[in-house]
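Got a structure here, written out as structure tokens. Questions coming.
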Protein chains: 2
Amino acid sequence: METKGHSNRQKIVQAASRLFYEHGYNQTSFSDIAQAAHIPKGNFYYYFKSKDQILEAVVENRLEDIRAMLEGWERSITGPRERLLRCLDILRNEEQAVVRYGCPMGTLTAELGKDQPALQGQAREMFQVFFIWLTRQFEALGHAGEARELALHVLARMQGIAAIAHAFADLAFLRRETAALRDWTQNL
Amino acid sequence: METKGHSNRQKIVQAASRLFYEHGYNQTSFSDIAQAAHIPKGNFYYYFKSKDQILEAVVENRLEDIRAMLEGWERSITGPRERLLRCLDILRNEEQAVVRYGCPMGTLTAELGKDQPALQGQAREMFQVFFIWLTRQFEALGHAGEARELALHVLARMQGIAAIAHAFADLAFLRRETAALRDWTQNL
DNA sequence: GTCTATAATGTGATAGAC
DNA sequence: GTCTATCACATTATAGAC
């Protein structure tokens, strides 16, 4: 339970999370993280025994953020359709980052899925949290029988938008396709 | 012009292409490639001066394959709609590999897009070739005014399917969503 | 808890004999 | 053209002083 944690530990996790997103997990070295977090290299084996464990902490940290965000929407947004639309807005709100670095969940999961199955299992959990939340929204919308299929469909559409927007660095495409996905959700 | 090339050079390119796909570019070392190609490490600086140049050759090799495939369809398949459907079939034909390793173009472009812009430019060319070909099919289908948008839409849908199928190792999802994309194409 | 020094390994790359 | 030996460097990781 690292609910709070020491300031140093938090600094490491946040620096690592950013670097993993911007440069990828394998391309980020201990030295990179230490430098970005302003922590001497050797010191941070006090907090983490291996690079794997930093990723674990990073994913755990992101999961907490995602869960807090989704639970916040459950409380602050009344209808399931409005909640779904709010979810799609992520792409627009993060459009600069998406065009530059892709989707933080998608690119990490893809990278680890190649040959680090244990680590990918961790990363996939982020998708799982979204999947469960989306499924609940579609059920509330009256699509109980196909809620899981619709949830995966939306996840895939969002991943595709992020992937192509990133590949072509195409902001207009991201906006256009996000709008189309909003329309699809409206007319569902 | 390495149309044919020495047997050794071809062995290196093919081994590297497979390893880049299965383990990622950054996670594949010179030693890995040398071992897989049964070529002594030192020897292959005779063929390539750097790791970048191997990637360049790999992408060039894949581009030739892609172009040959698309041109083959132009000759062997009469209607543009049938050609589009044939293109979607890639996902089904490669379903095992997609579930295991994701899309060869998408995962490579995503990896390099993080912080190797020069190399990403190479990889993106593969998407570009598909994009141009798809655009031509939609024009032939009578959608000249929105052919480019439709082409990118299809690319994104395919990328999304591959990404989620890979993330969840979900073969049923891949088949279901590919079928849905086929329907979309049929009714266009 | 914090930091320095350094070990052990693997990396991309080179020189030069055959 | 082919292969051996090896370089310089960066990497993850550890031991131990403070």
Side-chain angles (χ1 to χ4, degrees), chain A residues 1-20 22-59 108 111-112 114-120 122-123, chain B residues 1-20 22-59 108 111-112 114-120 122-123:
Chain A
M1 315 297 160
E2 67 289 321
T3 359
K4 189 60 206 317
H6 311 287
S7 166
N8 269 354
R9 194 195 147 96
Q10 270 302 101
K11 279 201 290 184
I12 292 171
V13 171
Q14 278 165 17
S17 185
R18 183 175 59 81
L19 291 173
F20 289 171
E22 293 179 0
H23 305 301
Y25 173 73
N26 291 308
Q27 282 293 91
T28 300
S29 74
F30 265 62
S31 306
D32 295 335
I33 302 171
Q35 203 171 346
H38 306 289
I39 303 281
K41 265 177 63 171
N43 180 20
F44 81 48
Y45 281 87
Y46 171 73
Y47 300 101
F48 301 100
K49 289 193 196 69
S50 72
K51 199 182 169 187
D52 298 7
Q53 291 193 2
I54 297 182
L55 179 71
E56 206 177 316
V58 164
V59 171
L108 183 63
E111 182 183 3
L112 301 174
K114 292 266 178 193
D115 65 344
Q116 284 135 306
L119 298 179
Q120 194 220 15
Q122 294 276 336
Chain B
M1 316 305 156
E2 67 288 323
T3 1
K4 188 64 206 310
H6 311 288
S7 166
N8 269 352
R9 193 195 147 95
Q10 270 303 101
K11 279 200 290 183
I12 292 171
V13 171
Q14 278 165 17
S17 185
R18 184 175 59 80
L19 292 173
F20 290 171
E22 293 178 1
H23 304 301
Y25 173 74
N26 292 307
Q27 282 292 93
T28 300
S29 74
F30 263 61
S31 306
D32 295 335
I33 301 171
Q35 204 171 348
H38 306 289
I39 304 279
K41 261 179 67 170
N43 181 20
F44 79 47
Y45 280 87
Y46 172 74
Y47 300 101
F48 302 99
K49 289 193 196 70
S50 70
K51 199 182 170 188
D52 299 7
Q53 291 193 2
I54 297 182
L55 180 70
E56 204 177 317
V58 165
V59 170
L108 183 63
E111 182 183 3
L112 301 174
K114 292 265 179 194
D115 64 345
Q116 284 136 306
L119 299 178
Q120 194 220 14
Q122 294 276 333

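Quick note on labels: first sequence line is chain A, next is B, and so on, each numbered from 1. Atoms considered below: every heavy atom in the structure, side chains included; atoms not considered: hydrogens, waters and symmetry mates.
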Taking the side chain as every heavy atom from C-beta outward, state whether B:H23 and B:D32 have any atom pair closer than 4.5 Å.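 B:H23 does not reach B:D32 side chain to side chain.
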Hey, does the side chain of B:N8 come within less than 4.0 Å of D:dT2's phosphate (OP1/OP2), counting only N and O?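 Checking B:N8 against D:dT2: at least one side-chain N or O falls below 4.0 Å of OP1 or OP2.
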State, with a plain yes or no, whether a side-chain heavy atom of B:V58 is found less than 4.5 Å away from one of B:L108.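 No, side chains not in contact.
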Give the ring-plane orientation class for B:F20 versus B:Y25, where under 30° counts as parallel, over 60° as perpendicular and anything between as tilted.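 Perpendicular.
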Rounded to whole Å, how long is the line connecting atom CD1 of B:I12 with atom P of D:dG1?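 For the pair B:I12 CD1 and D:dG1 P, the rounded distance is 12 Å.
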Looking only at heavy atoms, which two atoms of B:L119 and B:L112 are closest? And how far apart?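 Result for this residue pair: O-CD1, 3.8 Å.
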Rounded distance in Å - CZ (A:F48) to C1' (C:dT2):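 Value for this atom pair: 16 Å.
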Do A:F48 and A:R9 come within less than 4.5 Å of each other through their side chains, counting heavy atoms only?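 Side-chain contact under 4.5 Å: yes.
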Give each protein N/O atom lying under 3.5 Å from an N/O atom of nucleotides 8-12 of chain C, with the pair distance.
| from | atom 1 | to | atom 2 | distance (Å) |
| --- | --- | --- | --- | --- |
| C:dG12 | OP1 | B:K51 | NZ | 3.4 |
| C:dG12 | OP2 | B:F30 | N | 2.6 |

To the nearest Å, give me how far apart NE2 (A:H38) and P (C:dT2) are.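 Checked: the NE2 to P distance equals 16 Å.
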B:E111 (side chain) donor-acceptor with B:N26 (main chain) under 3.5 angstrom: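 Side chain of B:E111 to backbone of B:N26, a donor-acceptor pair under 3.5 Å: yes, one is there.
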How long is the line joining CZ of A:R9 and P of C:dT2, in whole Å?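 A:R9 atom CZ is separated from C:dT2 atom P by 13 Å.
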What is the distance, rounded to the nearest whole Å, between atom CD1 of B:I33 and atom P of C:dA13?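 The answer, rounded to whole Å, is 11 Å.
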Between D:dT14 (C1') and A:K49 (NZ): distance, integer Å: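 In whole Å, D:dT14 C1' and A:K49 NZ are 14 Å from each other.
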Could you tell me the separation between the OH atom of B:Y47 and the P atom of C:dT14, rounded to a whole number of Å?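 Spelled out: OH on B:Y47 to P on C:dT14 is 17 Å.
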N/O (side chain, B:Y46) to phosphate O (OP1/OP2, D:dT2) under 4.0 Å: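 Negative; the distance criterion is not met.
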Starting at CG of B:N43 and ending at P of D:dC3, how long is that distance when rounded to a whole Å?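 My rounded result for the distance is 6 Å.
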